[in-house]
Amino acid sequence: MSANTRPGVLLDVDGTLLDTNYLHALAWWQAFRDAGVAGVSMSDTHRAVGIASAGLVERLASEADDRTKAKIVKRHSKRYAKLQDQVVAFSGADHLVRRCHDAGYRVVLATSGEKSDLDWMLPAIGVGEGILAGATTSGDVGEGKPAPDLLTTAMEQHDLDPAHTVAIGDTVWDVQAAQRAGVRVISLTCGGISGCELSGAGADEVFDGPADLVDRWDDSLLAKLV
């Protein structure tokens, strides 16, 4: 590790710190119906959550025209906005962020959400000023997860050493992005994806959620890389 870089933790937000994945799944399912796209199930939308919006729509409705795809993205935003008052943090989310900070990591949120989403995400997570080093959002990159851009940009912006950085997420898309960015990845099952699938995708470690990771900190990668 050079004198100019620090160990870091790159934290996904949706489905990792905040219990939002099923709300997103519902909003996407409604958005496809609003746009007249049939055949997209609730299961389809849930398993695609974590992909950037344009990529998610392309994955589930590749045959739709560009106007319809744009409408789906806009309808999801409107549908999801009506659900945001139901968002809560997972147990231990704030403790995980503080534990990473106190251990000597530079903690960065790496979210496929927009910068404006931080206005409600940060209060929902419940972490005060001085704990987070910053956040990298979809507006900072050209391509979202599972591309590595979000993670590589976050490391560049915050002077993180990839060899001493861990990404924490809840989907196979998080795992793929971390692998492509060249960093270790810890997966959490609280977003609704099974441990077997996350391990099969290449996760280095799997925990139930933020509280479980904090409770088993000494057995995790996080206890070894600082």
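Here the structure is a predicted model, which means the values were calculated and not measured. Start at 1 with the first residue, then count along the sequence. Quick note: numbers below take in every heavy atom, side chains included, and nothing from hydrogens, waters or symmetry partners.
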Using the rule given for salt bridge (charged side-chain N to carboxylate O under 4.0 Å, His left out), can you reason through R79 versus D34, listing the C-alpha separation, both sets of side-chain angles and the distance that settles it, and then say yes or no? CA-CA 10 Å; R79 288 285 193 175; D34 291 344; 2.9 Å; yes
request  = Would you please test K69 and D65 for salt bridge (charged side-chain N to carboxylate O under 4.0 Å, His left out) and show each step?
outcome  = CA-CA 6 Å; K69 291 175 182 176; D65 58 50; over 6 Å; no
Next item on the list: For side-chain contact (heavy atoms from CB on, under 4.5 Å), just list the numbers for V108 and L11, CA-CA rounded to whole Å, side-chain angles, deciding distance to a tenth of an Å, and then say yes or no.
Entry: CA-CA 6 Å; V108 179; L11 276 166; over 6 Å; no
**Prompt:** Stepwise, does the side-chain contact (heavy atoms from CB on, under 4.5 Å) test hold for R184 with T165?
**Reply:** CA-CA 7 Å; R184 305 280 193 89; T165 293; over 6 Å; no
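L222 CG to E205 CD: the interatomic distance, rounded to the nearest 0.5 Å, is 7.5 Å. The CG atom of D117 sits 6.5 Å away from atom OG1 of T111, with the distance rounded to the nearest 0.5 Å. Note that CD of E114 and CG of D140 are 11.5 Å apart. Values are rounded to the nearest 0.5 Å. Atom CG of residue D12 and atom CG of residue L18 lie 9.5 Å apart, to the nearest 0.5 angstrom. In this structure, OG in S41 is found 10.0 Å from CH2 in W29, a value given to the nearest 0.5 Å. For the atom pair Y105 OH and H164 NE2, the distance stands at 8.5 Å (nearest 0.5 Å).
Screening V185, V183, V175 for a side chain to side chain contact (heavy atoms under 4.5 Å, CB included) involving D204 leaves a single residue, V185. Just one residue in the list L109, I168, V127 forms a side chain to side chain contact (heavy atoms under 4.5 Å, CB included) with L17, and that residue is L109.
Considering every non-hydrogen atom in both D94 and I125, the closest pair reads CB-O, 3.5 Å. Looking at every heavy atom in both residues, L60 comes nearest to A48 through CD1-CB, 4.0 Å. Across all non-hydrogen atoms, the minimal contact from A124 to A89 is O-CB, 3.4 Å. Contact detail for V172 and A201: the closest heavy-atom pair is CG1-CB, 3.9 Å. The heavy-atom pair separating A181 from P148 by the smallest distance is N-CB, 3.6 Å. Among all heavy-atom pairs drawn from P210 and S91, the shortest one is CB-O, 3.6 Å.
Hydrophobic cluster membership differs between I72 and L26, with clusters built from Ile, Leu, Val, Met, Phe, Trp and Tyr side chains linked at under 4.5 angstrom. In terms of hydrophobic clustering, with Ile, Leu, Val, Met, Phe, Trp and Tyr side chains grouped at heavy-atom distances under 4.5 Å, L225 and V107 are assigned to a common cluster. The hydrophobic cluster containing V214 also contains I186, counting ILVMFWY residues as joined when their side-chain heavy atoms lie under 4.5 angstrom apart, directly or transitively. Cluster annotation: V13 and I131 are assigned to the same hydrophobic cluster (Ile/Leu/Val/Met/Phe/Trp/Tyr, side-chain heavy-atom contacts under 4.5 Å, transitive). Linking ILVMFWY residues whenever their side-chain heavy atoms come closer than 4.5 Å, directly or via other members, places V87 and L188 in the same cluster.
S187 places no side-chain N or O within 3.5 Å of a backbone atom of V206 that could act as its donor or acceptor partner. Checking side-chain atoms of R106 against main-chain N and O of V9 turns up no donor-acceptor pair under 3.5 Å. T152 places a side-chain N or O within 3.5 Å of a backbone atom of D149 that can act as its donor or acceptor partner. With hydrogens and angles disregarded, no donor-acceptor distance shorter than 3.5 Å links the side chain of T136 to the backbone of A110. In this structure, T68 contributes its side chain and A64 its backbone to no donor-acceptor pair below 3.5 Å.
Taking the six-membered ring wherever Trp is involved, the centroid distance between the rings of H76 and H24 falls below 6.0 Å.
Geometrically, R99 engages W217 in a cation-pi contact, judged by NZ or CZ lying under 6.0 Å from the ring centre and within 45° of the ring axis.
Under the 4.5 Å side-chain criterion, counting only non-hydrogen atoms from C-beta, W28 is in contact with L56. In this structure the side chain of D208 never reaches within 4.5 angstrom of the side chain of C190, judged on heavy atoms. Between R6 and D159 the shortest side-chain heavy-atom distance does not fall below 4.5 Å.
Within the structure, salt bridge (Lys or Arg N to Asp or Glu O under 4.0 Å) contacts touching residues 162-181 (residues at least two apart or in different chains) are K145-D174.
Under a cut-off of 6.0 angstrom, the local environment of NE2 in H101 is crowded, with over 12 non-hydrogen atoms contributed by other residues, nucleotides or ligands. Crowding of R33 atom CZ: a count of heavy atoms from other residues, nucleotides or ligands under 6.0 Å not exceeding 12. Environment of CZ in R47: sparse, with no more than 12 heavy atoms of neighbouring residues, nucleotides or ligands closer than 6.0 Å. Q84 CD: more than 12 foreign heavy atoms inside a 6.0 Å radius.
The aromatic rings of Y80 and W120 are tilted relative to each other, their planes meeting at an angle between 30° and 60°.
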